[in-house]
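A short worksheet on the structure shown next.
Labels below follow one simple rule: chain letters A, B, ... track the order of the sequence lines, proteins then strands, and each chain is numbered from 1.
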There are 2 protein chains.
Amino acid sequence: MAMDRDQVLRDAAALLSRKSTATMDEVARAAGIGRATLHRHFAGRDALVRALEDLGIREFEVAFDNARLDEGTAVEALRRLVAEAEPNAELLAFLVTENQLFEGDEVNEGWARLDARVIALFRRGQEEGDIRIDLSPAWLTEALYGLIGSCAWAVMDGRVAAKDFQYMITELLLGGARRSVEK
Amino acid sequence: MAMDRDQVLRDAAALLSRKSTATMDEVARAAGIGRATLHRHFAGRDALVRALEDLGIREFEVAFDNARLDEGTAVEALRRLVAEAEPNAELLAFLVTENQLFEGDEVNEGWARLDARVIALFRRGQEEGDIRIDLSPAWLTEALYGLIGSCAWAVMDGRVAAKDFQYMITELLLGGARRSVEK
DNA sequence: CCCGATTGAGACACCCACGTCTCATTCTGC
DNA sequence: GCAGAATGAGACGTGGGTGTCTCAATCGGG
């Protein structure tokens, strides 16, 4: 069984999303490889987490590109963004909670770049009159991440059907829970 | 310096919300007591986390009571709920992520009771026509927890002003990010 | 004021995960 | 088929956190 670095990272992400305290041995078995091999490719647990960060950043850079955030209205772009992010939602959930631990350190510049793109998207929506201006782009970005993570967990626990993932997030984030009069 | 069990728990919650991997020694120092004393009152780390769960459940039972979830419209009740939950938002953020680790075990019945109350609130709102019926109460409940946690973290990191806590959560959850026509 | 209870500081052993290493086996390219 | 590389399984030492214990100091009620 050849060692596929990216596949190992994906398996690790899938496990660590559910159990962030998983052992290196558990990660290795989840990836179907030996613990020694895991250590050969990732110097240690920190290196593994960093590699997961890099993977996540790469994946979301691609997802953002595919979502064509600059095209159409911001609302349309946001729907595409959630759709593109879905395959990596668990990874996002893991990385968001993991990033809480690096409070003091400087934030990874890759994350800053991604954040900036989402913030710019919300700001564009505000300037075009489609997004409320009383909710800051920074908060909307945080909320987007939070909702994606929450929904990913809810799907994992069976509280939300996987097929409803995009709908639940985009509808709640964009339209809110309140039943508006015009509907 | 007398040992105030509840105060120790609150200090522990404040620290663990930010750094979930904090040492028992760090927790003890954060609470201003010795590690030995901490161990005298909480058999171990697991016992401490359980005590935090109990504290959280107690706090939110009270918060829910104070919010009078059965009075007025569901929307009004939800606003009161967020207001009452704010002082314990960090604790909620910690417990929600911590609960992810107990996937296999049976969920704490206290949480189930709280969940049921929130779900019932959303369901009531749906029945009264104030809440959309295409978003399941279970998802709305998860989203509420997620947004509270996300906002609590955003406040801790300075990305959201503490004074905007209630507004950001209730407005986004109820009204959504989209700028509606009637406004 | 005194005596019991509680606390803080430290010492101690224990345990688990980590990281490294070895070695036989398997895989892969030539 | 062969030689080199890569892998899996396991052994091994280490470190850091945990849990327990002791003992002196402090606190608090009678």
Side-chain angles (χ1 to χ4, degrees), chain A residues 1-56 90-91 94-95 97-105 108, chain B residues 1-56 90-91 94-95 97-105 108:
Chain A
M1 191 184 300
M3 155 83 191
D4 181 349
R5 182 187 164 96
D6 263 32
Q7 186 55 44
V8 169
L9 281 175
R10 279 171 217 287
D11 292 335
L15 173 60
L16 289 171
S17 311
R18 278 169 302 201
K19 187 182 177 185
S20 58
T21 60
T23 297
M24 289 294 276
D25 190 79
E26 292 174 301
V27 172
R29 293 189 184 283
I33 63 175
R35 194 165 67 94
T37 305
L38 184 61
H39 271 96
R40 282 189 193 100
H41 290 270
F42 304 99
R45 191 187 184 74
D46 291 348
L48 177 63
V49 172
R50 275 193 199 179
L52 281 172
E53 268 190 344
D54 289 341
L55 174 66
E90 299 184 9
L91 180 57
F94 168 70
L95 293 177
T97 57
E98 194 72 9
N99 269 18
Q100 286 304 115
L101 301 181
F102 299 158
E103 44 169 334
D105 292 342
N108 187 316
Chain B
M1 193 183 300
M3 154 84 191
D4 181 348
R5 181 188 165 95
D6 262 34
Q7 187 55 44
V8 169
L9 282 176
R10 281 172 215 287
D11 292 335
L15 173 60
L16 289 172
S17 312
R18 278 168 302 201
K19 188 181 176 186
S20 58
T21 60
T23 297
M24 290 292 277
D25 190 79
E26 291 174 301
V27 172
R29 292 187 187 284
I33 63 176
R35 195 165 68 93
T37 305
L38 184 61
H39 271 96
R40 282 190 193 100
H41 289 270
F42 305 100
R45 192 188 184 74
D46 291 348
L48 177 63
V49 173
R50 277 193 198 178
L52 280 172
E53 267 190 344
D54 290 340
L55 174 66
E90 298 183 10
L91 180 56
F94 168 70
L95 293 177
T97 57
E98 194 74 8
N99 267 20
Q100 285 304 114
L101 301 181
F102 300 156
E103 42 167 335
D105 292 341
N108 188 316

With heavy-atom distances below 4.5 Å as the criterion, would you say the side chains of Val8(A) and His41(A) are in contact?
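No; the side chains remain at least 4.5 Å from each other.
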The side chain of [X] is closest to which nucleotide in this list: [options]?
| X | options | answer |
| --- | --- | --- |
| Thr37(B) | dT18(D), dT7(D), dG8(C) | dG8(C) |
| Arg40(A) | dG17(D), dA9(D), dG10(C) | dA9(D) |
| His41(A) | dG17(D), dG19(D), dT7(D) | dT7(D) |
| Arg35(A) | dA9(C), dT7(D), dT20(C) | dT20(C) |
| Ala36(B) | dG10(C), dG10(D), dC18(C) | dG10(C) |

Check this for me: does the side-chain of Arg29(A) come within 3.5 Å of the base of dG8(D) through a donor and an acceptor?
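Not at all, since no donor on one side and acceptor on the other fall under 3.5 Å apart.
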Spacing between [X] atom [atom1] and [N] atom [atom2], to the nearest angstrom:
| X | N | atom1 | atom2 | answer |
| --- | --- | --- | --- | --- |
| Lys19(B) | dG17(D) | NZ | C1' | 12 Å |
| Leu38(B) | dT20(D) | CG | P | 12 Å |
| Asp46(A) | dG19(C) | CG | C1' | 12 Å |
| Asp25(A) | dA9(D) | CG | P | 10 Å |
| Ile33(A) | dA9(D) | CD1 | C1' | 13 Å |
| His39(A) | dA6(D) | NE2 | C1' | 17 Å |

Given side-chain contact (heavy atoms from CB on, under 4.5 Å), test Leu48(A) with Leu9(A) step by step and report yes or no.
CA-CA 8 Å; Leu48(A) 177 63; Leu9(A) 281 175; 3.9 Å; yes
Sugar-phosphate, base or nothing in reach of Arg45(A), heavy atoms under 4.0 Å
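Sugar-phosphate, no base atom in range.
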Please answer whether the main-chain N or O of Ile33(A) pairs with a side-chain N or O of Thr37(A) as donor and acceptor at a distance below 3.5 Å.
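Such a contact is absent between Thr37(A) side chain and Ile33(A) backbone.
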Please test Glu26(B) against Lys19(B) for side-chain contact (heavy atoms from CB on, under 4.5 Å), starting from the C-alpha separation and ending with a verdict.
CA-CA 10 Å; Glu26(B) 291 174 301; Lys19(B) 188 181 176 186; 3.1 Å; yes
